[in-house]
Protein chains: 4
Amino acid sequence: MVGASGRGRPRSESARAAVLHAVDDLLVEVGYAALTMKGIAERAGVGRQTVYRWWSNKAEVLYEASVLDAQDELAVPHSGDARTDVEAYLNALVAFLARSHAGAAYRALMGEAQHDPAVARLLASRDILGESAAATVKTAIAATSTTLSAEQATALLIGPAFFRILSGHDADNIDTGALADQFMRVLKQG
Amino acid sequence: MVGASGRGRPRSESARAAVLHAVDDLLVEVGYAALTMKGIAERAGVGRQTVYRWWSNKAEVLYEASVLDAQDELAVPHSGDARTDVEAYLNALVAFLARSHAGAAYRALMGEAQHDPAVARLLASRDILGESAAATVKTAIAATSTTLSAEQATALLIGPAFFRILSGHDADNIDTGALADQFMRVLKQG
Amino acid sequence: MVGASGRGRPRSESARAAVLHAVDDLLVEVGYAALTMKGIAERAGVGRQTVYRWWSNKAEVLYEASVLDAQDELAVPHSGDARTDVEAYLNALVAFLARSHAGAAYRALMGEAQHDPAVARLLASRDILGESAAATVKTAIAATSTTLSAEQATALLIGPAFFRILSGHDADNIDTGALADQFMRVLKQG
Amino acid sequence: MVGASGRGRPRSESARAAVLHAVDDLLVEVGYAALTMKGIAERAGVGRQTVYRWWSNKAEVLYEASVLDAQDELAVPHSGDARTDVEAYLNALVAFLARSHAGAAYRALMGEAQHDPAVARLLASRDILGESAAATVKTAIAATSTTLSAEQATALLIGPAFFRILSGHDADNIDTGALADQFMRVLKQG
DNA sequence: CATTAAGCGAGACGGTACGTCGGGTCTTATA
DNA sequence: TATAAGACCCGACGTACCGTCTCGCTTAATG
C-alpha cells in the first residue's frame, strides 16, 4: 500500500502530461523569461491548482518538463576508446548547453539556483551533468589509471566548455577535439 | 570636455553613491532575491526615478555596485613563478565566487544572463573573470611556450572550479593545488 | 516703486505672459485634465521655477490665465430695462459656463475647490460670478423694490442655470427667457 | 437566472463590502483629497486588484460607497402640504450638500465630472439630486397647476441653494423658508 | 446504487514589485 | 537676483505574477 486511501478521484495523468507538454511548447515559443504558471496552466487547459498539486513551484515543473526528459541529449554511444568517447561527450555537452531548448532551461535553472536555495536543492537532488559524464569519465579513468577522483575528473572534463558557454562566449569556437586531448593528457599524468 | 550640456542641475554624485552603497548593504542584509528597486531607493534615501535615471534595471545597479568594485578581490600579487601565481589566482577565484558577497552577486547576474539578453550584454561588455585571469594566464603561457590561445587557457584555468561552484558543490573540497598542477601540465604539453 | 529692492535681475513680464498664453493654448488643445505644470512651462519656453515664482500652484495659474481674463465674457451691455438685462446676462452666463474654454476652466476649478481649501480660498477671493451679476441684480432690485438682499437675488438669478450646467444637463435646453421672467416675478413679489 | 457563469471562484461580497466600508471610514478620517486606491485597499485588507475588479476608478468606488447609500439623507417625509414639503426638502438638501460626508463626496465627484467624462457619465447615470427632489416637485406642481416642466421646476428648487454651497458661501445663511416661499410663488404664477 | 472524498477547470483572492508620471523644490550656468 | 534646464524626493498609478482559496462538476472506490 504505497500511499493514499484510493478514495476520491484519482489524479489525472493526462493533466500532468498536458502541463509538461505545454511547458515544452512555451519554452520554444516565448522563452524562459516569459514563462508564467498562469500561462502554463492555460496552455495546458488545466487549473492552476492542478499544476501546484504535482509540482510545488515553477522550477520543478520546468526541471521535469525540460531537463529530465533531455538527459538522452547527453547520452552518447560508447565506442570503447576513451579518447573517442570523451570527444563525443564534449560535443553532446556543447550541443545541449548551447543549442538545445532543454539546455537553455537548464542554464536558466542553474541561474536561479544561485540565489534560490529551493532551486539549488532541486538541481542538487540529481546531478544531471555529472551523471551524464559518469560513464565516459569512468572509461577514461580506467584507461589511464589516474589517481584523480571521478568528481575531480568530471570537473576537468565539463568545466572549460561549461564556463565558456555560461559566460556567453561563442559556442562554435569551442574546440572539443583539443579539450578532449588535454583532458586525456591530464589523466595520463596524474 | 566630455560632452555634457552644462545646462540644468547636474546629476547628484552623492545620490549615485548612496544607491551603490545601499545595494551593497542590502545584498549583505537581505540577499539578492529580496533586492528590489523600491527597497534600494528607500534605503538610499533617494527617489525611485533617480535610480532609474542612472541605471535602467536592477542588474545594472547590482553590476556596478557589487561586481565592478570587487575586481580587486580577484587581483593577486605576481611572484614571477607561474605555478605559484596560478594557484594563488585559483584560491582568489574560489574565495570570490563561493564566499564573497560580490561573488554571490556575480553568480546571480550570470544566472539572469542565461535568460535575459540585456543582462547578458551587460556582462559581456566587461569580461570580469577573463580579465582577472589575464595576467596569470599570460605568465603561464610565457613560461610554457604552449600553443594554446589565451582564451583557451583561460577556460582551462577557470572552468573546473567555476563548474563545481556553480553546480553547488562544496567549495572547500576544491583542491586548488591539484588544479594548478594540472593546468601547468596541460600547458607544458600543448 | 511698489515693493522689492530693485536689486538683481527684474522678473520677466514676458515670461509671465508666455505662461498665461501657454495655459490658454493647452486648455484648448489638451484640456484641463491633461494640464501639467511641466507641460505649461515647456510650452511657454520657461523654467518650471519661474512658473512657481509667479503662482504658487496649478490652480492659481489657471485662474489667472483663464478665468480672470474671461470676465468680459460675462459683461453685458445694460439697456436700462431690468428684464432685458436679466435675460442678456443669463444668456452670457450659459455661454460662459457651458460653451467657453474659460468656463470649462472655471468649472474645473470650482470642482477642485470642493476638496482643496487652497483653491476654495482662491475662488472666494474674487467672486467672479457674483461680481459679473452685480450690476444686473442691482438694476433688477431697483426696478422691483424687493426686500431681498443682493446676495439672495444673485443666487436666484444664477442658481437654476448653474445647477443644470454643472449637473451635465444639456445647456441648449435652458430657457433663459423663462428664467428671466421667473426671476423678475419673484423680485416683484418679495 | 440572472446571468453568471457559475464557473470559477465567485466574487467575494465581503471583500466588496470591506472596500465600501473602508472608503466611508477614510473619507471621514482623511478626506477626499487624501483618498487613494492603495489606501482604500490596505484599509479594507484587500488586494489592489480586487478593488479594480469591482470598480474601474476611484470615482466609481466613492460613488457607490458614499453617494448611493446617502440618498436617504435626502428623503424627507411628505406632509401633503406642498409648501411644507418644499422647505423640508431644502433643509435636507442643505444639510446633505454642506454638512454631511456623503455630500462632500458628492461635491467632489461633481467637481471631477467637470473635466473627466467618465465621472460625468457615472453621475449622469443616476441623477441623485433630481430623483430626490422628484416627489416634492411633483406635489408642488400638482398644488399649483404650473405649466413648468418637472425639470425646470427642479432646477428652480435646487439651483439657488446648490449655487451658494458650491460657491463656498456660508450654508448657515441660506434662508430655506424664503427660498421655499419664492419657489411656490413662481409655480403659482407660471 | 448511494455515498463520499478527492481531483478537476475556472477564476477571484491578498500580496508585492514593477516602471511611469506629476507635484513642488533645489542646483547648476548664464544673463 | 531672475532665468532655462533639468535632476531631486516623494508617492500614487494601474498591471503583472505569485501561490492560495473557493466555487460547481466529475470520477472512482466504498458501503
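In what follows, every chain begins at residue 1, and chains take the letters A, B, ... in the order their sequences are listed.
Looking at heavy-atom distances under 4.0 Å, A/G45 makes contact with sugar-phosphate atoms alone, never a base. Counting any heavy atom pair closer than 4.0 Å across all strands shown, B/W54 reaches sugar-phosphate atoms only and no base atom.
Comparing D/L35 and B/A41 against DNA chain F, the residue whose closest nucleotide sits nearer the 5' end is B/A41. Along DNA chain E, the nucleotide nearest to B/P10 and the one nearest to D/E13 differ in position, and the one closer to the 5' end is contacted by D/E13. Heavy-atom nearest nucleotides on DNA chain F were determined for B/A44 and for A/T36, and the one closer to the 5' end corresponds to B/A44.
As rounded to whole Å, 16 Å separates atom C1' of F/dG24 from atom CD of A/Q49. In this structure, C/D116 atom CG and E/dG22 atom C1' are separated by 15 Å, rounded to whole Å. For D/R53 and E/dG14, the CZ to P distance is 8 Å, given to the nearest whole Å. The distance from atom CE of C/M37 to atom C1' of E/dC21 is 16 Å, rounded to the nearest whole Å. Following rounding to the nearest Å, C/E60 (CD) and E/dG23 (C1') show an atom-to-atom distance of 15 Å. Taking atom CD of residue B/E42 and atom P of nucleotide F/dC9, one finds them 13 Å apart after rounding to whole Å. Atom OH in A/Y32 sits roughly 14 Å away from atom P in F/dC17 (whole-Å rounding). When the C1' atom of E/dG23 is taken as reference, atom CH2 of C/W55 falls 17 Å away, rounded to whole Å.
Comparing F/dC8, E/dC13, E/dG7 by their nearest atom to the side chain of C/R48 picks out F/dC8. The side chain of D/Y52 lies closest to F/dT15 when the candidates are E/dG14, F/dT15, F/dC9.
Here the straight-line distance linking atom CD1 of D/I40 with atom CZ of D/R48 works out to 11.0 Å at 0.5 Å rounding.
Remark: C/T50 is in phosphate contact with F/dA4, judged by side-chain N or O atoms under 4.0 Å from OP1 or OP2. Applying the 4.0 Å criterion to OP1 and OP2 of F/dC13, one finds that D/K38 has every side-chain N and O outside that range.
In terms of heavy-atom proximity, C/V119 sits nearest to C/L109 at CG1-O, 3.5 Å.
The main-chain N or O of B/L122 is found under 3.5 Å from a side-chain atom of B/S125 such that the two form a donor-acceptor pair.
Ion pairing of D/E29 with D/R43 is present here, as a side-chain N (NZ or NE/NH1/NH2) and a carboxylate O approach within less than 4.0 Å.
Within the cation-pi definition used here (under 6.0 Å to the ring centroid, within 45° of the axis), C/K58 does not qualify as a partner of C/Y63.
With hydrogens and angles ignored, a donor-acceptor pair closer than 3.5 Å exists between the side chain of A/R9 and the base of F/dT26.
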